[in-house]
Amino acid sequence: MKKVLITGAAGFLGSHLCDRFFKDGYHVIGMDNLITGNLKNIEPLFKEEHFEFYHHDISKYVSVLGELDYILHFASPASPIDYLKIPIQTLKVGSLGTHNLLGLAKAKGARMLIASTSEVYGDPNVHPQSEDYWGNVNPVGPRGVYDEAKRFQEAITMAYHRYHGLETRIARIFNTYGPRMRLNDGRVLPAFIGQALRGEDLTIFGDGSQTRSFCYVDDLVEGIVRLLHSDHAAPVNIGNPDEISISDFAEEIIKLTGTDQKVMYQDLPTDDPKQRQPDIRKAIELLNWKPQVDRAEGLKRTYAYFKSLSQDELHHKEHQTFEKYIVR
Ligand code: UDP
């Protein structure tokens with residue numbers, strides 16, 4: 001049985017990856033410091049013999065018993081609100097955390113895939129963004145803590161690949177959505193759906209003309225699995241190129257939720273990228289992968305999840321409890 005370590009296991013993407021690898025017959029070790037993750041996301045796995053959870057901050061030395069075949073590094077705050085609230089941890093997990101995991105991968109002879117991001121392109125001057133574009137990032141702005149940590153993460157991963165011959169993979173992940181996104185992480189989709197469900201107006205930042213391209217989580221997971229098993233060490237964009245402006249997206253959410261909410265305008269955050277769309281030709285060619293779930297279907301599934309949350313969760317009153325879990 002192959003063994004995989006997944007960091008950020010209790011988060012949005014990490015938890016979906018735990019499910020997928022467990023379902024595919026792997027022994028899964030989940031790791032998370034639970035700053036932004038929620039154990040509820042992986043609750044069903046706790047009863048399984050082939051799932052283990054380590055409550056650990058990977059910015060500190062990481063130790064795992066026994067052999068390890070793969071490491072998927074998905075631990076990091078990943079929303080602009082989080083970068084403002086926990087900037088130092090964001091920098092540390094992308095830099096020190098990645099270094100620790102690369103050391104672990106080297107010691108175990110494991111293959112390591114890192115979750116990089118479209119944020120390495122910053123506010124891009126090239127559209128759509130292909131992997132050979134080096135980006136337009138402000139290192140000292142509020143997003144710099146994430147963007148630069150992720151750029152450093154790519155650099156150190158390539159250094160381990162070139163210098164130590166470590167098998168590494170780099171996924172540049174574009175905006176992804178789906179069930180288990182944190183309602184209060186400030187990202188646009190949970191923000192809009194949460195506002196609609198609470199009967200509040202939808203907050204559009206700026207004039208809403210900025211664009212994003214949203215990928216459904218199942219498609220993302222499939223892309224990650226294929227990249228992991230490919231032999232391609234250079235970065236690969238994983239995302240859905242279907243681009244939409246934020247104001248049109250707000251209209252879609254209002255229609256989807258069947259509410260008659262209005263939109264209100266707020267200041268555009270510093271360095272908010274004006275446009276973003278992945279060029280996925282490389283993923284199509286190398287991984288034979290492209291997204292299958294269109295936005296109408298993906299939003300329907302995501303809305304069903306948010307509707308199933310309790311009133312306490314909807315109003316951010318839910319607190320994480322650890323008692324019912326066995327946490328190492
Ligand atoms: N946004 C918005 N209203 C919100 C939250 C976000 O208009 O309540 C905008 C935000 O300014 C950005 C886009 O939606 O232009 C996507 O934001 P998100 O934080 O989801 O992701 P990122 O900016 O990292 O792509």
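For ligands, and for the atoms within them, numbers begin at 1 and follow the listed sequence. Just so you know, these numbers use all the heavy atoms, side chains as well, and skip hydrogens, waters and symmetry mates. Please read all numbers here as calculations on a predicted model, not as lab measurements.
Protein heavy atom nearest atom 8 (O) of ligand 1, with residue, atom name and distance: T203 OG1, 2.9 Å. With respect to atom 10 (C) of ligand 1, the closest heavy atom belonging to the protein is D272 OD2, 3.3 Å. Atom 19 (O) of ligand 1 has P80 CD, 3.5 Å as its closest protein atom, hydrogens excluded (heavy atom only). Here the heavy atom of the protein found nearest to atom 7 (O) of ligand 1 is F205 N, 2.8 Å. Looking from atom 20 (O) of ligand 1 to the surrounding protein, the closest heavy atom is V188 N, 2.8 Å. With hydrogens left out, the protein atom closest to atom 13 (C) of ligand 1 is I246 CD1, 3.6 Å, a heavy atom. What sits closest to atom 9 (C) of ligand 1 on the protein, heavy atoms only, is Q210 NE2, 3.9 Å.
Applying the 6.0 Å contact sphere to CD of E67 captures no more than 12 heavy atoms from other residues, nucleotides or ligands.
Ring geometry for F21 against Y26 counts as perpendicular: the plane angle is over 60°, on a 0 to 90° scale with 30° as the lower cut.
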Exercise. Run the salt bridge (charged side-chain N to carboxylate O under 4.0 Å, His left out) check on D24 and K2 step by step: do they pass?
Worked result: CA-CA 10 Å; D24 286 354; K2 298 276 188 202; over 6 Å; no
Exercise. Is there a side chain to side chain contact (heavy atoms under 4.5 Å, CB included) between L113 and T168 once you walk through the steps?
Worked result: CA-CA 6 Å; L113 181 148; T168 54; over 6 Å; no
Exercise. Are I173 and I224 close enough, and set up right, to give a side chain to side chain contact (heavy atoms under 4.5 Å, CB included), and what steps lead you there?
Worked result: CA-CA 9 Å; I173 298 172; I224 296 296; 4.3 Å; yes
Problem set entry | Worked check of side chain to side chain contact (heavy atoms under 4.5 Å, CB included) between I86 and I35 | CA-CA 9 Å; I86 39 177; I35 290 191; 3.6 Å; yes
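Side chain of N237 to backbone of D279: a donor-acceptor contact under 3.5 angstrom is found. Checked by atom type and distance alone, the side chain of R169 pairs as donor or acceptor with a backbone atom of S230 at under 3.5 Å.
Remark: the Q195 side chain and the E200 side chain contain no N/O donor-acceptor pair separated by less than 3.5 Å.
Close approach of ligand 1 to E119 is summarised as follows: ligand atoms under 4.0 Å from at least one heavy atom of the residue are 24 (O). Applying the 4.0 Å criterion to heavy atoms of N175 picks out, from ligand 1, the atoms 21 (O), 22 (P), 25 (O). Distances below 4.0 Å separate heavy atoms of I204 from the following atoms of ligand 1: 7 (O). Distances below 4.0 Å separate heavy atoms of A191 from the following atoms of ligand 1: 8 (O). Applying the 4.0 Å criterion to heavy atoms of F192 picks out, from ligand 1, the atoms 3 (N).
Remark: distances from the non-hydrogen atoms of S79 to ligand 1 are all 4.0 Å or more.
Evaluated by nearest non-hydrogen atom to atom 23 (O) of ligand 1, the leading choice among R143, R187, Q275, R276 is R143.
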